[in-house]
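Okay, structure first, notes after.
Heads up: numbering here begins at 1 and tracks the sequence. For the numbers below, each heavy atom of this structure counts, side chains included, while hydrogens, waters and symmetry mates do not.
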Amino acid sequence: MIIASILFGTVMPLTAVQILWVNMVASVTLSFALAFEKIEPDAMTRPPRSPKAPLLTGYYLWRIVFVSLLIGGGTLAICLYLLNQGVSDIIVKTITLNTIVIPPNVSSV
């Protein structure tokens, strides 16, 4: 979203502090998800994956790109729409921050 706003020549959608806060919140919620995930019964008896196997298959690459465009593009569209409606920059940045933080963290709970 930041790169897209630079390419389109629009106002930066988030401040530096907001970007750091998003990073902190995302890290904590992902850590909780990993810490409390139940281990599968045969996890230690299965052989390791092949070293030649890719970490990301085509499906996962497609999913990452699709979700990134959906969340980032949608958020940037909302940001630009609100700016064109004359909403204050501070309010737009707050709405942008909440639009980015809430969906991924609600779905991981």
(message) A side-chain contact here means heavy atoms from C-beta on lying under 4.5 Å apart; do Thr96 and Leu76 qualify?
(response) no
(message) Checking side-chain contact (heavy atoms from CB on, under 4.5 Å) between Ile78 and each of Leu82, Leu80, Thr75, which is the one that passes?
(response) Leu82
(message) In this structure, would Phe8 and Ile100 fall into the same cluster of hydrophobic residues linked by side-chain contacts under 4.5 Å?
(response) yes
(request) Over all heavy atoms of both residues, which pair between Gln18 and Lys93 is shortest? Give the atoms and the distance, please. (result) NE2-O, 3.6 Å
(message) With a 4.5 Å cut-off on side-chain heavy atoms, are Tyr60 and Leu55 touching?
(response) no
(request) Decide yes or no for Tyr81 and Val87: does some side-chain heavy atom of the first lie under 4.5 Å from some side-chain heavy atom of the second? (result) no
(message) What's the separation between atom OG in Ser68 and atom CZ in Arg63, rounded to the nearest 0.5 Å?
(response) 11.5 Å
(request) Quick one: pull up CG in Leu20 and OG1 in Thr15 and give me the separation to the nearest 0.5 Å. (result) 8.5 Å
(message) Just so I know, are the side chains of Val11 and Ser5 near enough to count as touching, which here means a heavy-atom distance under 4.5 Å?
(response) no
(request) Look at atom CG of Leu7 and say whether more than 12 heavy atoms of other residues, nucleotides or ligands are closer to it than 6.0 Å. (result) yes
(request) Flag the pair Leu14 / Met1 as yes when at least one side-chain heavy-atom distance between them is below 4.5 Å, and no otherwise. (result) yes
(message) Looking at Leu56, I want to see if its CG is surrounded by more than 12 non-hydrogen atoms of other residues, nucleotides or ligands under 6.0 Å.
(response) yes
(message) To the nearest 0.5 Å, what is the distance between CD1 on Ile6 and CE on Met12?
(response) 4.5 Å
(message) Closer than 3.5 angstrom, by distance alone: can the side chain of Arg49 be matched with the main-chain N or O of Ala53 as a donor-acceptor pair?
(response) yes
(message) Taking the side chain as everything from C-beta on, heavy atoms only, tell me whether Val65 gets closer than 4.5 Å to Leu61.
(response) no
(message) When you group the ILVMFWY residues by side-chain heavy-atom contacts below 4.5 Å and let the links chain together, are Met24 and Leu97 in the same group?
(response) yes
(request) Kindly indicate whether the side chain of Ile19, heavy atoms from C-beta on, has any atom under 4.5 Å from the side chain of Ile2. (result) yes
(request) To the nearest 0.5 Å, tell me how far Ser31 OG sits from Phe36 CZ. (result) 10.5 Å
